[in-house]
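This report concerns only the one structure given below.
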2 protein chains.
Amino acid sequence: MKPLNINDIAKAAGVGKSTVSRVLQGQNHVSPDARARIESTIRELGYQPNMVASGLRKRRIQTIGLIIPDISNPFFPEITLGVQQVADERGYAVLLANSGWSNDREEDLVALAQRQRLDGMIINPVHISLAALRAFGHSVVVIGTRAAYREFDAVGSNTAESVQLALAHLHALGHIHILALPGPRGQDSTRNREAAIYTAMQARPDKLPQIHYCEFTKSGGYDAVAALLSLTPRPTAVLCGNDLIAIGMLAGLRERGITVPGQISVVGIDDIELASVCCPTLTTVHKPKREMGMTAANMLIDRIEGNIQSPPQMKKMSTHLVIRESTAAVGISSG
Amino acid sequence: MKPLNINDIAKAAGVGKSTVSRVLQGQNHVSPDARARIESTIRELGYQPNMVASGLRKRRIQTIGLIIPDISNPFFPEITLGVQQVADERGYAVLLANSGWSNDREEDLVALAQRQRLDGMIINPVHISLAALRAFGHSVVVIGTRAAYREFDAVGSNTAESVQLALAHLHALGHIHILALPGPRGQDSTRNREAAIYTAMQARPDKLPQIHYCEFTKSGGYDAVAALLSLTPRPTAVLCGNDLIAIGMLAGLRERGITVPGQISVVGIDDIELASVCCPTLTTVHKPKREMGMTAANMLIDRIEGNIQSPPQMKKMSTHLVIRESTAAVGISSG
DNA sequence: TTATACACTGGGAACGTTCCCAGTGTCGTA
DNA sequence: TACGACACTGGGAACGTTCCCAGTGTATAA
């Protein structure tokens, strides 16, 4: 009924519980004979050590938290896979939670992580306060490049570079009237993208893209079509804050019979798998999502295991442009 | 340095630790005065109870496991969201792990769940043995409708119905030469789909679809195009085991200049979000993924909390056909 | 021979909760 | 007044590990 414990094994193997514990932890100072006897007993009885008890004593539960906004956004499963792969290799389990872009949920989840005494946490923060994040009291790695969180380790993609690549591509194709959809108004990642736009356009401030705000979702992009069509002169290209927005926009444009890239070029950011399948296939800026997850997990576990005492560092992964069908040179007929 | 514990709170509030514990657990037999003092002390000092210690004593850690093959398959994030929503509402956290379709990983993960003393587990099994699943020793809910696991609670979609709907649709459009891609050879879910095909075709066993095996992935569908083209007479329609296969097939057909649905009709199963975005948009059988996840979580937590003592039950969620652009009546020119 | 080092061993305390139980006080009723 | 019922209280044992430490034995060096 009750699962076996270390004493049962000790008795069955005719040794003390300390010796069993040493074997479980792979320590020395155990005679080959005792070790063999213990190991075979464990196998025979199918004993699985209780990590809850061990966690209580060691203050290490071999589990990290991963808090993301929304696992159904295809950007995040890739991050998750990267995190899990490394966590797994290094002996950690991953507790996954979705904040649903809500501040309250984010703070609740961090409090939960604290109660669960997780060894560390990787979070893609949306609104959460520094105070709440500090209260966690263990190592934290932030996903994203937001200055507000600079006191924590972070891994993100180079937003400035992504936006720069996308805009340069559109400029090279002759696009001057551009609409930018950097994300929802008032969110940090939106501001990052806007800032990147200004930086990229320093040389020609007269040709700044128009800005329109929308959610980071398919329907956000879909709804933005109306805004696009109300502008005069009508933009010939759209720079979308992520691929989901771009895909929503493609759907909206198709519905209205506007051809892409014939009448309007569309470029996304992220390079989710969908981007290579939608119609037309999407020109976008590739982010190394899997690698970002792996890096985050490695940074976190290095901290947890004390391999790093240095000040917090931010790793910016580099990005590259993937040219597909959704962009083309600005045409003569555009109306 | 060291986090607060229940004794610190007891001392600060001038009561015994038992009383604090009672407040934390929302029990009676605490005077309003003491309760108020304790609650304000907790808030003031920012105390978060240690769920590891509590878990050790209560043998309940308020965490369930979710083991799926691959979170990057868009079918699973939806399941995950459903599970998490319910788990969250009912006070449980979710430990997520990917088996990567590997038997060894599956067994490792179940052993991990056992060591972590998770309260229960939801698993979409691929190959895992009953023995390994039984060894877990806590409640298990299986995702899928596979007979082998009938000793556990299960929630799945009605495969027979899905296949029946898809085939009926193709028949109604006049398709007789059909290729079916039920999944990878030798996997139970593949066999389920095949069985469903035979059942659906009982009335006209002479017109059984051709069968070709492939992975449940985009590239599985992509590679299957070659097999499709080698058949004579060439099938006019393809029934794909899931939407990813269908989308891979669409990509492969487009590359070879074969029009869909002009020359070949394609139908999928799952209705992932991608299906409404790809080109042409995909006719498919809708599965209530989110609801399946919610149901699984509710069944599991009911078991954990002992609300159900009844024999294992299987819930089959019903499905429905979503007709989009990828299917049409069989044409005159098909070569 | 003796001292020192070190591999090996097992018992007990500690981790932070929850639960059991025994003890106090108050109230209503016989 | 005496008594049971019951709200409230706090101390100690228990959950299953890990770590500390003291103790044994053996080999090596002086």
Side-chain angles (χ1 to χ4, degrees), chain A residues 1-39 41-42 45-63 91 112 114-119 137-138, chain B residues 1-39 41-42 45-63 91 112 114-119 137-138:
Chain A
M1 190 73 267
K2 210 164 76 171
L4 296 167
N5 65 29
I6 203 171
N7 274 310
D8 300 327
I9 303 300
K11 245 172 259 171
V15 296
K17 62 181 161 56
S18 307
T19 306
V20 177
S21 176
R22 274 186 282 264
V23 169
L24 288 175
Q25 297 179 83
Q27 297 176 348
N28 323 334
H29 302 290
V30 177
S31 67
D33 176 56
R35 187 182 296 272
R37 229 166 42 244
I38 291 170
E39 282 173 347
T41 309
I42 289 178
L45 304 185
Y47 164 68
Q48 295 279 11
N50 184 331
M51 293 184 66
V52 178
S54 146
L56 174 60
R57 178 62 230 236
K58 294 218 280 192
R59 299 195 157 105
R60 277 282 195 80
I61 205 189
Q62 298 299 109
T63 302
L112 176 66
Q114 202 179 341
R115 285 197 298 279
Q116 299 247 25
R117 298 293 192 269
L118 299 186
D119 301 331
H138 297 261
Chain B
M1 189 72 266
K2 212 165 74 171
L4 294 166
N5 65 28
I6 203 172
N7 274 310
D8 300 327
I9 302 302
K11 245 171 260 172
V15 296
K17 63 183 159 57
S18 308
T19 306
V20 177
S21 175
R22 274 186 281 262
V23 170
L24 288 176
Q25 296 180 84
Q27 296 177 349
N28 322 335
H29 302 292
V30 178
S31 67
D33 175 56
R35 187 180 296 273
R37 229 166 42 244
I38 291 169
E39 282 173 346
T41 309
I42 288 178
L45 304 186
Y47 165 68
Q48 295 280 10
N50 184 332
M51 293 184 66
V52 178
S54 145
L56 174 61
R57 177 65 231 231
K58 294 219 279 191
R59 298 197 155 99
R60 277 284 192 80
I61 202 189
Q62 299 298 109
T63 303
L112 176 65
Q114 203 179 340
R115 285 197 298 278
Q116 298 248 23
R117 299 295 193 267
L118 299 186
D119 302 332
H138 298 260

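Please read all numbers here as calculations on a predicted model, not as lab measurements. Within every chain, numbering begins at 1; the chains are lettered A, B, ... in the order of the sequence lines, protein sequences first and strands thereafter.
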Check this one for me: any side-chain N or O of Ser18(A) less than 4.0 Å away from OP1 or OP2 of dG11(C)? no
Length of the line joining Asp8(A):CG and dT17(D):C1', which is rounded to integer Å: 13 Å
Just how far, in rounded Å, is P of dG10(D) from NZ of Lys11(B)? 14 Å
What is the nucleic acid contact for Ala10(B), judged by heavy atoms within less than 4.0 Å: base, sugar-phosphate only, or nothing? nothing
Rounding to 0.5 Å, atoms CG (Leu24(A)) and CD1 (Ile6(A)) come to a distance of 5.0 Å
Rounded to whole Å, how long is the line connecting atom CD of Gln116(B) with atom P of dC15(D)? 22 Å
Distance col, row Ile61(A):CD1 vs Gln116(B):CD, nearest 0.5 angstrom, shows 6.0 Å
Taking the side chain of Gln25(A) as heavy atoms from C-beta outward, which of dT17(D), dT18(D), dG16(C) is closest to it? dT18(D)
Confirm from the modelled atom types if Lys2(A) and dG16(D) form a donor-acceptor pair under 3.5 Å, side chain to base only. no
Nucleotide nearest Lys17(A) (side chain, heavy atoms from C-beta), chosen from dG10(C), dG10(D), dA13(C): dA13(C)
Residue whose nearest DNA chain C nucleotide is more 5′ - Gln27(B) or Ala53(B): Ala53(B)
Side-chain N or O of Thr19(A) less than 4.0 angstrom from OP1 or OP2 on dG10(C)? yes
Is the phosphate of dT9(D) approached by Ser31(B) (side-chain N or O, under 4.0 Å from OP1 or OP2)? yes
Of Arg22(B) and Leu24(A), whose nearest nucleotide on DNA chain D comes first from the 5' end? Arg22(B)
Output the rounded distance in Å from NZ (Lys58(A)) to C1' (dC20(D)). 16 Å
Using whole Å, report how far CD1 of Ile61(A) lies from P of dC15(C). 18 Å
Provide, to the nearest angstrom, the distance between the CG atom belonging to Asn7(A) and the P atom belonging to dC15(D). 10 Å
Spell out yes or no: do the side chain of Arg117(A) and the base of dG16(C) have one donor N/O and one acceptor N/O closer than 3.5 Å? no
In whole angstroms, the gap separating P of dG25(C) from NE2 of His29(B) amounts to 19 Å
Quick one: is Tyr47(A) getting a side-chain N or O under 4.0 Å of the dT17(D) phosphate, OP1 or OP2? yes
Distance-only, no hydrogens or angles: does the Arg37(A) side chain make a donor-acceptor pair with backbone N or O of Ala13(A) under 3.5 Å? yes
State whether the distance check finds a donor on one side and an acceptor on the other, under 3.5 Å, for side chain Arg57(A) versus base dT17(D). no
Base, sugar-phosphate, or nothing: which does Val52(A) touch, judged by heavy atoms less than 4.0 Å apart? nothing
Say you draw a straight line from OG1 of Thr41(A) to CG of Asp8(A); how long is it, rounded to the nearest 0.5 Å? 11.5 Å
Within this structure, what is the CD-CG distance for the pair Gln62(B) and Leu112(A), rounded to the nearest 0.5 Å? 10.0 Å
Looking only at side-chain atoms of Ser21(A), point me to the closest of dC15(D), dT18(D), dA7(C). dT18(D)
Return yes if the base of dG16(C) and the side-chain atoms of Arg59(A) contain a donor-acceptor N/O pair under 3.5 Å, otherwise no. no
Nearest to the side chain of Ile6(B) - dT17(D), dT9(D), dT18(C)? dT18(C)
Asp33(A) atom CG is separated from dA7(C) atom P, nearest whole Å, by 18 Å
To the side chain of Asn50(A), which of dT17(C), dG16(D), dC15(C) is closest? dG16(D)
